[in-house]
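A, B, ... follow the sequence lines: proteins, then strands. Residue 1 opens every chain.
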Amino acid sequence: MPRYWLLKSEPEAFSIDDLARAKNQTTRWDGVRNYQARNFLRDEIAVGDGVLFYHSNADPPAVAGTARVVRAGYPDPTQFDAKDGHHDPGSTSDAPRWFAVDIAFDAKFAHAVTLPELRADPALAEMVLLRKGSRLSVQPVSAAEWKRISKLGARE
DNA sequence: GCCAACGTTGGC
DNA sequence: GCCAACGTTGGC
């Protein structure tokens with residue numbers, strides 16, 4: 001059984017359209033520097049899992065579409081690159097601290113499902129995204145939440 | 001641009 | 001181990 005995840009990205013940095021335009025419509029999801037999110041990337045996320053692509057710091061913030069995981073957790077190369085903004089001098093190749101996954105474009109929603117719409121839907125009340133103070137950039141989504149949001153996004 | 005909430009760091 | 005200071009996230 002596939003599992004489902006929500007990944008946040010600021011669309012000014014990398015949007016669902018950028019993913020759709022990327023080589024092979026695939027990208028490496030790197031640069032995550034939070035331990036709880038790292039644990040999901042390293043230990044939980046599997047090939048074939050579904051991804052809700054969320055635009056944070058956007059107007060309005062919204063789930064913009066879906067992607068799927070095409071490569072499970074592996075050491076994030078940017079942590080070893082001194083020229084990269086995500087460089088972590090405390091991490092070694094023997095014991096990498098940070099992990100990445102690869103995702104491929106699936107679909108852009110006909111209707112981006114906005115944060116107010118998510119909040120207004122009783123079926124989504126338990127979403128991690130909607131919890132007070134929740135800032136996790138990689139978070140689990142239930143199968144029911146996935147189904148519901150996909151349905152909302154398919155609306156014209 | 002503001003600021004609440006959260007995570008990390010480092011002195012003690 | 002505590003906690004103040006600082007940095008980041010992300011909605012508004």
Side-chain angles (χ1 to χ4, degrees), chain A residues 3-22 27-45 49-69 73-103 105-142 144-146 148-155:
Chain A
R3 298 169 69 188
Y4 303 97
W5 308 92
L6 181 145
L7 301 184
K8 293 182 185 175
S9 183
E10 302 196 9
E12 287 203 10
F14 191 83
S15 70
I16 188 93
D17 293 322
D18 292 323
L19 179 58
R21 281 193 295 263
T27 195
R28 184 176 70 216
W29 204 264
D30 58 21
V32 173
R33 295 295 182 266
N34 168 281
Y35 285 104
Q36 203 179 343
R38 185 281 309 270
N39 292 346
F40 288 133
L41 293 170
R42 185 188 60 188
D43 305 331
E44 308 277 344
I45 299 181
D49 283 359
V51 170
L52 294 175
F53 197 111
Y54 180 80
H55 284 169
S56 63
N57 255 314
D59 187 20
V63 179
T66 58
R68 65 199 150 76
V69 177
Y74 60 100
D76 177 350
T78 67
Q79 70 195 305
F80 305 123
D81 181 354
K83 295 188 296 295
D84 193 283
H86 298 292
H87 179 232
D88 182 353
S91 183
T92 65
S93 54
D94 284 348
R97 189 175 287 167
W98 307 112
F99 284 73
V101 299
D102 291 352
I103 65 167
F105 177 77
D106 180 18
K108 182 179 177 176
F109 283 160
H111 169 81
V113 185
T114 69
L115 184 57
E117 290 173 313
L118 297 170
R119 285 198 193 286
D121 192 330
L124 302 175
E126 299 303 315
M127 275 192 83
V128 175
L129 182 73
L130 305 182
R131 289 184 196 152
K132 183 174 158 61
S134 172
R135 300 191 319 194
L136 257 189
S137 64
V138 176
Q139 46 181 263
V141 170
S142 75
E145 290 160 353
W146 167 272
R148 177 70 183 151
I149 293 169
S150 297
K151 189 174 173 184
L152 292 174
R155 269 187 303 136

Kindly state which residues belonging to residues 116-134 of chain A come within less than 4.0 angstrom of DNA chain B, counting heavy atoms of the residue only, listed by number. A/Lys132, A/Gly133
Length of the [atom1]-[atom2] vector between [X] and [N], whole Å:
X	N	atom1	atom2	answer
A/Leu136	B/dA5	CG	P	17 Å
A/Gln139	C/dT9	CD	C1'	13 Å
A/Arg33	C/dT9	CZ	C1'	16 Å
A/Asn34	B/dG7	CG	C1'	8 Å

From A/Thr27 OG1 over to A/Phe105 CZ, what is the distance, rounded to the nearest 0.5 angstrom?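 Answer rounded to 0.5 Å: 13.0 Å.
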Does C/dT9 have OP1 or OP2 sitting under 4.0 Å from an N or O in the side chain of A/Lys8?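 Checking A/Lys8 against C/dT9: no side-chain N or O falls below 4.0 Å of OP1 or OP2.
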Check whether any side-chain heavy atom of A/Val128 sits under 4.5 Å from a side-chain heavy atom of A/Ser134, and report yes or no. yes
When you measure from the side chain of A/Gln79 to the backbone of A/Pro96, do you find a donor-acceptor pair of N or O atoms at a distance under 3.5 Å? no
Can any side-chain N or O of A/Gln36 pair as donor or acceptor with the backbone N or O of A/Leu136 at less than 3.5 Å?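 Not a single qualifying donor-acceptor pair exists.
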Does A/Asp88 come within less than 4.0 Å of A/Arg33, counting only side-chain N to carboxylate O? no
I'd like to check the ring pair (Phe, Tyr, Trp, His ring centres under 6.0 Å) partners of A/Tyr54; sequence neighbours left out, ordered by chain and number. none
Mind telling me whether A/Trp29 and A/Phe53 have parallel, tilted or perpendicular rings, with 30° and 60° as the class edges?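 Ring orientation of A/Phe53 relative to A/Trp29: perpendicular.
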Does anything in residues 53-65 of chain A reach DNA chain C, meaning a heavy atom under 4.0 Å, and if so which residues?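 Per residue number, the list reads A/Tyr54, A/Ser56, A/Asn57, A/Pro61.
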Would you please test A/Asp76 and A/Thr78 for side-chain hydrogen bond (donor to acceptor under 3.5 Å, both in side chains) and show each step? CA-CA 6 Å; A/Asp76 177 350; A/Thr78 67; 2.7 Å; yes
I want to verify a distance call: between B/dT8, C/dC12, C/dG7, whose nearest atom is closest to the A/Tyr35 side chain? B/dT8
